[in-house]
Asker: 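Next up is a structure, given as structure tokens.
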There are 2 protein chains.
Amino acid sequence: MERVTESELAAWRLFIKTYARIIEQIERDLAEQKRVPLTAYDVLIALFEAPGHKLRLGELTQKMVLTKSGITRLLDRLEREGLVQREKSEEDRRGAYAVLTPEGEQQLRKAWPVYARGIKQYFAAPLSEEQTRQLIAAFEAMQKGQEL
Amino acid sequence: MERVTESELAAWRLFIKTYARIIEQIERDLAEQKRVPLTAYDVLIALFEAPGHKLRLGELTQKMVLTKSGITRLLDRLEREGLVQREKSEEDRRGAYAVLTPEGEQQLRKAWPVYARGIKQYFAAPLSEEQTRQLIAAFEAMQKGQEL
DNA sequence: AAATAATTGTTGACTGCGCAACTAAACCGT
DNA sequence: ACGGTTTAGTTGCGCAGTCAACAATTATTT
């Protein structure tokens, strides 16, 4: 593998800085509006999109960027706040599902506009349609690269 | 501001997932090779590039994505490991500099190859030159967008 | 010059997460 | 059917970072 070029390094530095800034900003917006933070949001949306609004903890772990202990603790919090509920699995009695509660769904709906505005404003708005497509292609290439 | 489109959302999701995976992977590589973690690396490189290999803590706070208390604690660790040293400022006796030690510089040099390989492999290698340029343009557009 | 305000960096209390060890249940080869 | 291995999720411990309150110093008013 060859050396990292100047422009690759430039792209990299912009990548991490841009990411940090945008996430920080969105997180701040969500907090200001008293909405669930991003990681919580991700769990809720994953559950919402799942059949029956529920997922095995293991499935959640794969979808999210968190270890299983991270998921355990995150669910602890969400359960305490009444946004999800654990439901022990019938088929596999080691396991459990996380189920989205109505309250969780409501919080999801409340958070979305704030989140969406952030994505639009900080991430998408400055890009042309063409650039958006280019980004998708680039990130997909990286994903592919990972799998090798 | 209009609604977020499908493809913008797709780009966004790829963005955060790609970021998380790559950082995680590089961090793992650094840990395996017993090298300084990314945040530490960032401080060391900032100091290295600074005149006299030193910076006021406040300047560091701006360059990094960390609060001032975060910087305080990070420097505590780096100082304990002998990679930087605090030096109280003469001009402003509230303040202090962080100074890169020779040992710090050495650690920096040792970490770079691992870091660079990660950037190349997980981030840059899957991209064409054209795509790298497109990424730079896109991220710069976002930065610009932020400033408004 | 004195009083007030602003700034620099540190600290205490807390949160969120990872790692490794653990429990309970399921799987599997014999 | 039984012992060993694998898998699902939880837990203790520790690290890294935030926020808010603080001391020390400097800047600004009056």
Side-chain angles (χ1 to χ4, degrees), chain A residues 16 19-21 23-32 34 36-44 47 54-81 83-99, chain B residues 16 19-21 23-32 34 36-44 47 54-81 83-99:
Chain A
I16 57 183
Y19 175 88
R21 280 225 226 142
I23 293 293
E24 197 177 355
Q25 191 58 56
I26 293 182
E27 206 72 82
R28 190 179 309 278
D29 294 346
L30 286 166
E32 256 167 34
K34 302 270 167 66
V36 294
L38 267 185
T39 45
Y41 182 88
D42 283 349
V43 167
L44 297 183
L47 292 178
K54 65 184 193 175
L55 281 174
R56 288 293 296 265
L57 303 205
E59 301 181 271
L60 267 178
T61 306
Q62 292 182 328
K63 285 187 197 288
M64 317 271 317
V65 194
L66 270 184
T67 63
K68 51 188 180 164
S69 72
I71 286 290
T72 294
R73 294 175 209 288
L74 178 47
L75 286 180
D76 288 348
R77 271 173 275 145
L78 293 179
E79 204 167 18
R80 232 178 289 131
E81 292 168 29
L83 309 185
V84 310
Q85 234 184 307
R86 277 186 176 85
E87 182 185 279
K88 43 183 69 172
S89 164
E90 294 299 325
E91 318 89 71
D92 181 343
R93 289 187 328 205
R94 291 167 301 185
Y97 288 92
V99 192
Chain B
I16 57 183
Y19 175 88
R21 280 227 225 143
I23 292 293
E24 197 177 354
Q25 192 57 57
I26 292 181
E27 205 73 82
R28 190 179 309 277
D29 293 347
L30 285 167
E32 256 168 33
K34 300 269 167 65
V36 292
L38 268 184
T39 46
Y41 183 88
D42 283 349
V43 165
L44 298 182
L47 292 177
K54 65 183 193 175
L55 282 173
R56 286 293 297 266
L57 303 206
E59 301 181 272
L60 268 177
T61 307
Q62 292 182 327
K63 286 188 198 288
M64 317 270 317
V65 194
L66 271 184
T67 63
K68 52 188 180 167
S69 68
I71 286 289
T72 293
R73 294 181 206 285
L74 177 47
L75 286 180
D76 288 348
R77 270 173 275 145
L78 294 179
E79 203 167 18
R80 232 178 288 133
E81 292 169 28
L83 309 184
V84 310
Q85 237 186 304
R86 278 184 176 85
E87 183 184 279
K88 44 182 69 172
S89 164
E90 295 299 325
E91 318 89 69
D92 182 342
R93 291 188 327 208
R94 288 167 300 188
Y97 289 92
V99 192

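Chain naming here is simple, since letters A, B, ... match the order of the sequence lines and numbering starts at 1 in each.
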Asker: Taking CD from B:E59 and C1' from C:dT7, how many angstroms apart are they, rounded to a whole number?
Answerer: 14 Å
Asker: OP1 or OP2 of D:dT18 versus the side-chain N and O atoms of B:R73: is any pair under 4.0 Å?
Answerer: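 Result: no.
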Asker: Tell me which nucleotide among D:dG17, C:dA26, C:dA6 gets nearest to the side chain of B:L74.
Answerer: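 When the side chain of B:L74 is considered, D:dG17 is the closest of D:dG17, C:dA26, C:dA6.
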Asker: Between B:L57 (CG) and D:dT25 (C1'), how many Å, whole number?
Answerer: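 Computing the B:L57:CG to D:dT25:C1' distance gives 15 Å.
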Asker: Could you tell me whether B:T39 contacts a base, only the sugar-phosphate backbone, or nothing, with contacts defined as non-hydrogen atoms closer than 4.0 Å?
Answerer: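 Sugar-phosphate, backbone atoms only, no base.
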Asker: Do any side-chain nitrogens or oxygens of B:T67 fall under 4.0 Å of OP1 or OP2 in D:dT18?
Answerer: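 Indeed, a polar side-chain atom of B:T67 lies that close.
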Asker: Whole angstrom is fine here: how far is it from CD in A:E24 over to P in D:dT18?
Answerer: 8 Å
Asker: Go through the steps to decide whether B:V43 and B:T39 satisfy the test side chain to side chain contact (heavy atoms under 4.5 Å, CB included), and finish with yes or no.
Answerer: CA-CA 7 Å; B:V43 165; B:T39 46; over 6 Å; no
Asker: Can A:L75 and A:R86 be said to form a side chain to side chain contact (heavy atoms under 4.5 Å, CB included), step by step?
Answerer: CA-CA 8 Å; A:L75 286 180; A:R86 277 186 176 85; 3.6 Å; yes
Asker: With a 3.5 Å cut-off and just heavy-atom distances, do the side chain of A:S69 and the base of C:dC19 make a donor-acceptor pair?
Answerer: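 Check passes, donor-acceptor contact within cut-off.
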Asker: Starting the side chain at C-beta, find the nucleotide from D:dA8, C:dC19, C:dG16 nearest to A:D92.
Answerer: D:dA8
Asker: Using whole Å, what does the distance between atom P of nucleotide D:dT10 and atom CG of A:L78 come to?
Answerer: 13 Å
Asker: Take the protein atom CD of A:E87 and the nucleotide atom C1' of D:dG9, then report the distance between them rounded to whole Å.
Answerer: 16 Å
Asker: Base, sugar-phosphate, or nothing for B:L66, non-hydrogen atoms under 4.0 angstrom?
Answerer: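 Since only primed, P, OP1 and OP2 atoms lie under 4.0 Å of B:L66, the category is sugar-phosphate.
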Asker: Let me know the distance between CD1 of B:I23 and C1' of D:dA16, rounded to the nearest Å.
Answerer: 16 Å
Asker: Has A:R86 got a side-chain N or O lying under 4.0 Å from the OP1 or OP2 atom of D:dT10?
Answerer: yes
Asker: Answer yes or no: is there a donor N or O on one side and an acceptor on the other, between the side chain of A:Q85 and the main chain of A:A98, under 3.5 Å?
Answerer: no
Asker: From the list C:dC19, D:dA8, C:dA26, which nucleotide is the closest neighbour of the side chain of A:R56?
Answerer: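 The listed nucleotide nearest to A:R56's side chain is D:dA8.
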Asker: Under 4.0 Å between a side-chain nitrogen and a carboxylate oxygen: does that hold for A:R28 and A:E24?
Answerer: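 So A:R28 pairs with A:E24 through a salt bridge.
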Asker: It should be established whether B:T72 places a side-chain nitrogen or oxygen under 4.0 Å from OP1 or OP2 of nucleotide C:dG9.
Answerer: no
Asker: Just to confirm, is there a sub-4.0 Å distance from OP1 or OP2 of C:dC27 to any side-chain nitrogen or oxygen of A:R93?
Answerer: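 It does not, given that no N or O in the side chain of A:R93 lies less than 4.0 Å from OP1 or OP2 of C:dC27.
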Asker: Rounding to a whole Å, what distance do you find between A:E90:CD and C:dA25:C1'?
Answerer: 14 Å
Asker: Closest approach to the side chain of A:R94, judged atom by atom: which nucleotide of C:dT10, C:dC17, C:dA26 is it?
Answerer: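 The nucleotide sitting nearest to the side chain is C:dA26.
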Asker: Hey, could you give me the CD1/OG1 distance between A:I71 and A:T61, rounded to the nearest 0.5 Å?
Answerer: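 Interatomic distance, A:I71 CD1 to A:T61 OG1, rounded to 0.5 Å: 4.5 Å.
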Asker: Rounded to the nearest angstrom, tell me the gap between atom CG in A:L38 and atom P in C:dG16.
Answerer: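 It works out to 13 Å between those atoms.
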